[in-house]
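For reference, the structure is listed below as structure tokens.
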Amino acid sequence: MPAVTGTGAAEFLELLLEDAAAIEYERPLVRARAAGADAADLAELERAKLLALEVREAFAARRRRESELSALFDTAGDLAALRGVDSVLTAIVRRARQLLGTDVSYLTLNDPARGDTFMRVTDGSVSARFQALRLPMGAGLGGLVAQTAAPYACADYFHDDRFRHTGEIDGGVLEEGLVAILGVPLVRGSQVIGVLFAADRTARTFDRSEVSLLGSLAAHAAIALDNARLLEETRAALEELSATSRELREHTASVERAAGAHDRFIDVVLHGGGVDDVAAAVRDTLGGSITVLDPEGRGRRCDGEGAELPPDPAGALTRARSTGRTVREGNWWTAAVTVDRELLGGLVLHREEELPEADQRILERAALVTALLLLIRRTAGEAEGRVRGELLEELLTSPVRDPEGLRERARRLGADLDRPLAVVVALVPEHGRSRALAAATHLAATRGGLAGPHDGAVVLCLPDAGAGPAAAAVRRDLAAAGAGPVTAGGAGPVRDPAAIATAHAEAARCAATLVALGRTGDSADTGELGFFGLLVGEGRDVGGFVTATLAPVLEYDQRRRTDLVGTLEAYFAASGSPARAAEALGVHVNTVTQRLERVGRLLGEDWSAPQRALEVQLALRLRRLTGA
């Protein structure tokens, strides 16, 4: 009879390979019963059947997840291609319907001008009345989602009383024949701007993974709308600059000078120039020297010379921001660089001659172009930083799932995963984490590497660098960005993407070791940590070392509930003085002496000899450091 069982188990494997229907998994049991198998064999076959069905379900879930991730990646590609907001939203709604397997999907947007919500895109809808619906704010399931900024699902729309029903909405839903509806919010900042829906014409319960998937698609839709808004703002700013340039050419020589300046500003924007290019255009047009201010009023000359600052640069910048005009202070003229009331910095012109009002407008327009460039740079940097961070997260968590896909995505970002990569883990204070991440993203982009947050730290992969120099460079750059004391551990370099996760673990241990050794704000790799590095490096058995050195004492403390380990730590901290150790522990010196005698009996009388003492001290420190 065991042969029957073995044959049935093999048949389950064949069914898995054939991706057979669930009902087919009953065949081995039916045959075994017909062959007269005993109860034990039937129970074993039943268990094998259940395990095979679980594996089948796991394979199906994996395929679904891969399909969802592929769709999200394609959507991100649509956004990166900037094919137009309508086409991107249409693709997102269509993918929502396909991935969730619903009859209909649709997207509504808020209309602040009319104070209501309207249908923007639908897929699978057959009712013209439903497609033309305009919904009052706060009404229907979409109103509930918009008010709470949280996803909601109902299995039976007309019998769900959690939201306010209206005749117009219910009529459209009834004509479309919808029953089960899931809605998730489209959020821009802290504001809900619309809702993405998936709906069925029969009763259905949406599970958590479906809600999460639709939420991810809604996030892409919000990004598409936000990108469209930013592009419109950029286009409007460029059109305003062009119009102003045409007007200036028709006036006096001063106006013609302004027109030439504006032409240069437009050229800087269209050819991807930077803030220094704008400052150089102002200097060439108006003369004098130009200084770029940060939001705190600190400045730097665009030509590298010493900054020419007014007596109170921060005060001048504040007044320029509040008035929206150039502020004069002696021979300095200051214009604020702002975006939607957010202060990004300022431009300060220093020259001996009077600055006419028309030339002041040139300085103000330069500030506007500077704001535009900073906004474009920040938007592009944030988008690229997110993509680099997501790729790094995959390398750290699932590097072998799709190595070729990871390599291709890295190449699109200018990174080569086949080059030697040093991995650096930077520990920074929480208040400086955002600045550290921005500086790390910039460093990775300029060096052709990757950067992103992971487990409360900032992680970088930098090509063609040793672990120690890479950690030192990261610590220096992040600290210079104002992130506070930065502790950086390095590992590698590695040549295989699958080894990045292992190198990351080693770099994290290096950083933690530096902190434990009181070297916060320093950097090192395992080689630079000396003996500590040999122990915390990849493949080293720290727990075995601690156990081998301290096992008798640890077991004695655990069995007798004593604290010989604490006495040893106090003894070494007191430079081998029992009296000072007793004072630190708050006990009599004889107590410390008796405990140390007990340690000698447990570890051997030579435990305090220099060589053994070093090992004991090291084991104590590593035990506290690693919890071994």
If I compare all heavy atoms of [X] with all of [Y], which pair ends up nearest, and what's the gap?
X      : Y      : value
Leu196 : Ala218 : CD2-N, 3.7 Å
Ala524 : Cys510 : O-CB, 4.1 Å
Gly101 : Arg204 : O-NH1, 3.5 Å
Ala96  : Leu214 : CB-CD1, 3.6 Å
Ala507 : Val423 : CB-O, 3.6 Å
Leu514 : Ala488 : CD1-O, 3.5 Å

Are side-chain heavy atoms of [X] and [Y] found at a separation under 4.5 Å?
X      : Y      : value
Thr446 : His442 : yes
Leu186 : Val192 : no
Val458 : Pro453 : no
Thr567 : Val599 : no
Leu182 : Val211 : yes
Glu605 : Glu597 : no
Leu585 : Val592 : yes
Val145 : Val184 : no

Would Leu596 and Trp607 satisfy side-chain contact (heavy atoms from CB on, under 4.5 Å), going step by step from the backbone distance to the final call? CA-CA 10 Å; Leu596 293 177; Trp607 72 271; 3.9 Å; yes

Applying side-chain contact (heavy atoms from CB on, under 4.5 Å) to Leu564 and Leu602, what does each step give before you reach the verdict? CA-CA 10 Å; Leu564 295 181; Leu602 292 170; 3.7 Å; yes

Going by an N to O cut-off under 4.0 Å, is there a salt bridge joining Glu555 and Arg560?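 Looking at Glu555 and Arg560, the cut-off is not met.
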
I'd like to know if Arg624 and Glu569 make a salt bridge, using a cut-off of under 4.0 Å between side-chain N and carboxylate O. yes

Looking at [atom1] of [X] and [atom2] of [Y], how far apart are the two atoms once the value is rounded to the nearest 0.5 Å?
X      : Y      : atom1 : atom2 : result
Leu450 : Leu462 : CG    : CG    : 9.0 Å
Arg598 : Tyr556 : CZ    : OH    : 3.5 Å
Gln594 : His588 : CD    : NE2   : 10.0 Å
Phe572 : Ser608 : CZ    : OG    : 8.0 Å

When you look at [atom1] of [X], are more than 12 heavy atoms from neighbouring residues, nucleotides or ligands closer to it than 6.0 Å?
X      : atom1 : result
Arg601 : CZ    : yes
Arg162 : CZ    : yes
Arg208 : CZ    : no
Arg188 : CZ    : yes

Test item: [X] side-chain N/O and [Y] main-chain N/O as donor-acceptor pair under 3.5 Å:
X      : Y      : answer
Asp525 : Gly468 : yes
Thr591 : Val587 : no
Asp563 : Gly566 : yes
Ser577 : Ala574 : no

Distance-only criterion, 3.5 Å: show the donor-acceptor pairs between side-chain atoms of residues 472-483 and protein atoms not counting sequence neighbours.
none

When you look at Leu213 and Leu100, which way does the side-chain contact (heavy atoms from CB on, under 4.5 Å) test go after all the steps? CA-CA 8 Å; Leu213 173 60; Leu100 271 69; 3.6 Å; yes

Residue pairs, two or more places apart or on separate chains, that pass ring-ring contact (aromatic ring centres under 6.0 Å, His included) and touch residues 447-488: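 Every pair satisfying ring-ring contact (aromatic ring centres under 6.0 Å, His included) with a residue in residues 447-488: His454-His504.
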
Determine whether Val425 and Thr487 satisfy the following criterion, side-chain contact (heavy atoms from CB on, under 4.5 Å), listing intermediate values before the conclusion. CA-CA 8 Å; Val425 173; Thr487 307; over 6 Å; no

